[in-house]
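Encoded as structure tokens, the structure appears first; notes follow it.
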Amino acid sequence: MFRHTKLLQFEAKPEKPDPVYAHKLQELIGGAFGEMTVTMQYLFQGWNCRIEGKYKDLIMDTATEEIGHVEMLATMVARLLEGAPATATAEAVKDPVMAAVLGGMDPQQAIVAGGGALPADSNGYPWNGKYIVASGNLLADFRANAAAEAQGRLQTARLYNMTDDPGVKAMLKFNLARDTVHQRQWLAAIEELKADGLEDDVAPNALLDEEDQTHNHTIWHLSDGPDGAKGTSWTTGAGIEYLMDPQPLGGPGTAPKPDPALYGTYAPLQDAKGTAKGKAKEVKNKLT
């Protein structure tokens, strides 16, 4: 059950309308790392969480807060769009600057949303449920959460420097602070998962004995120069070896003969080089 408190989590009042900035602010609503993404990501993680208690409550508390962030941003967008395009259109004829402002707004904010926010990014691309990560593995999910908050904070910081409006800046300062604490909480929760014996460093902590033991401790040196191997924290510190001259371990990546009904271009003389069938044919030819 969710309840709606008819007050914003933090104030969202610009000093004056700015349709161009309203267009930019859409990224924090419906972008890949926007508030809609973290809202739905945390909600589905919480709903899918199999253990009641502190971890589920942390996820659901944060998810519910993020719904409030979407509301704040949507309110700010609507207020930044106040008077556009109805009053701005008449002024645009007189003033080239106003014409540029009007040209810089997202027309769908007027045509589709009636002067309000959209569930879309700053290019007008609709928000997509594929943006979210909710795997059921809390270690994998909390790492994804910390990364999402980092990307969201980065975009908020960039947008903070794209406005001089004190009201917008005040709200973004609050958002920056919440992104900071959310990064910290997910990183701390990762350590608590380990301390509680629920997870280890690798996600998932399974099949470690089954995996190829030759290849679970090497970094393949595939960049020019020796600089990668100088990173002590991921070589000596983590027990990972830098393989300086890695060699391919498989044969040619030759695709099999296509289905004739698909009309793929095919040369029978070069059939299946490197495949089991091709190698058998090669051995047969050598024997005869």
Side-chain angles (χ1 to χ4, degrees), residues 32-33 37-38 40-42 44-63 66 130-158 176-254 274-276 279:
F33 300 105
T37 294
V38 287
M40 298 309 295
Q41 179 156 309
Y42 302 160
F44 275 91
Q45 287 179 8
W47 293 330
N48 292 342
C49 184
R50 298 300 197 271
I51 24 176
E52 297 293 333
K54 61 183 178 181
Y55 293 113
K56 185 164 186 170
D57 284 2
L58 174 65
I59 299 166
M60 292 303 296
D61 285 345
T62 314
E66 300 293 6
K130 285 289 187 183
Y131 296 152
I132 76 164
V133 175
S135 70
N137 181 288
L138 292 185
L139 177 59
D141 284 353
F142 288 178
R143 283 178 174 162
N145 295 352
E149 294 286 352
Q151 293 292 341
R153 192 177 192 281
L154 176 61
Q155 293 178 358
T156 302
R158 288 170 175 166
L176 287 166
R178 300 310 297 163
D179 288 342
T180 295
V181 75
H182 290 164
Q183 284 187 62
R184 287 175 174 163
Q185 77 180 36
W186 296 127
L187 293 172
I190 287 168
E191 295 308 311
E192 191 142 337
L193 282 171
K194 296 178 187 176
D196 287 346
L198 295 173
E199 295 291 344
D200 206 336
D201 288 329
V202 177
N205 186 24
L207 302 179
L208 294 175
D209 293 333
E210 297 288 327
E211 67 191 31
D212 189 327
Q213 302 299 310
T214 305
H215 300 290
N216 64 3
H217 62 279
T218 57
I219 297 174
W220 286 29
H221 175 66
L222 298 170
S223 300
D224 290 340
D227 291 341
K230 295 176 183 175
T232 54
S233 61
W234 59 80
T235 53
T236 312
I240 300 174
E241 174 192 350
Y242 233 92
L243 196 59
M244 296 305 291
D245 187 26
Q247 298 298 314
L249 303 175
T254 307
T275 66
K279 286 176 181 175

query: Counting only heavy atoms not in I51, do more than 12 fall under 6.0 Å of its CD1?
result: yes

Give, for atom [atom1] of [X] and atom [atom2] of [Y], the distance between the pair rounded to the nearest 0.5 Å.
X: Y242; Y: T235; atom1: OH; atom2: OG1; value: 8.5 Å
X: L243; Y: T214; atom1: CG; atom2: OG1; value: 11.0 Å
X: D179; Y: L154; atom1: CG; atom2: CG; value: 10.5 Å
X: E66; Y: R178; atom1: CD; atom2: CZ; value: 8.5 Å
X: T232; Y: I240; atom1: OG1; atom2: CD1; value: 12.0 Å
X: M244; Y: W220; atom1: CE; atom2: CH2; value: 14.5 Å

Check: residues 183-190 side-chain donor-acceptor pairs under 3.5 Å, at least two apart:
{"from": "Q185", "atom 1": "NE2", "to": "T62", "atom 2": "OG1", "distance (Å)": "2.8"}
{"from": "W186", "atom 1": "NE1", "to": "Y42", "atom 2": "OH", "distance (Å)": "3.2"}

What pairs meet the salt bridge (charged side-chain N to carboxylate O under 4.0 Å, His left out) rule with one or both residues in [range], with sequence neighbours excluded?
range: residues 227-239; answer: D227-K230
range: residues 203-223; answer: none
range: residues 131-154; answer: none
range: residues 186-204; answer: K54-E192, K54-D196, E191-K194, K194-D201

query: Of all heavy-atom pairs between A203 and L139, which one has the smallest distance, and what is that distance?
result: CB-CD2, 3.7 Å

Exercise: identify the closest heavy-atom pair between F33 and Q155: CD1-NE2, 4.0 Å

- line: Residue set satisfying ring pair (Phe, Tyr, Trp, His ring centres under 6.0 Å) with W234, at least two apart, ordered chain then number -> none

message: For a side chain to side chain contact (heavy atoms under 4.5 Å, CB included) check, start with the C-alpha distance between Y55 and L193, then their side-chain angles and the critical distance, and finish with the verdict.
response: CA-CA 9 Å; Y55 293 113; L193 282 171; 3.7 Å; yes

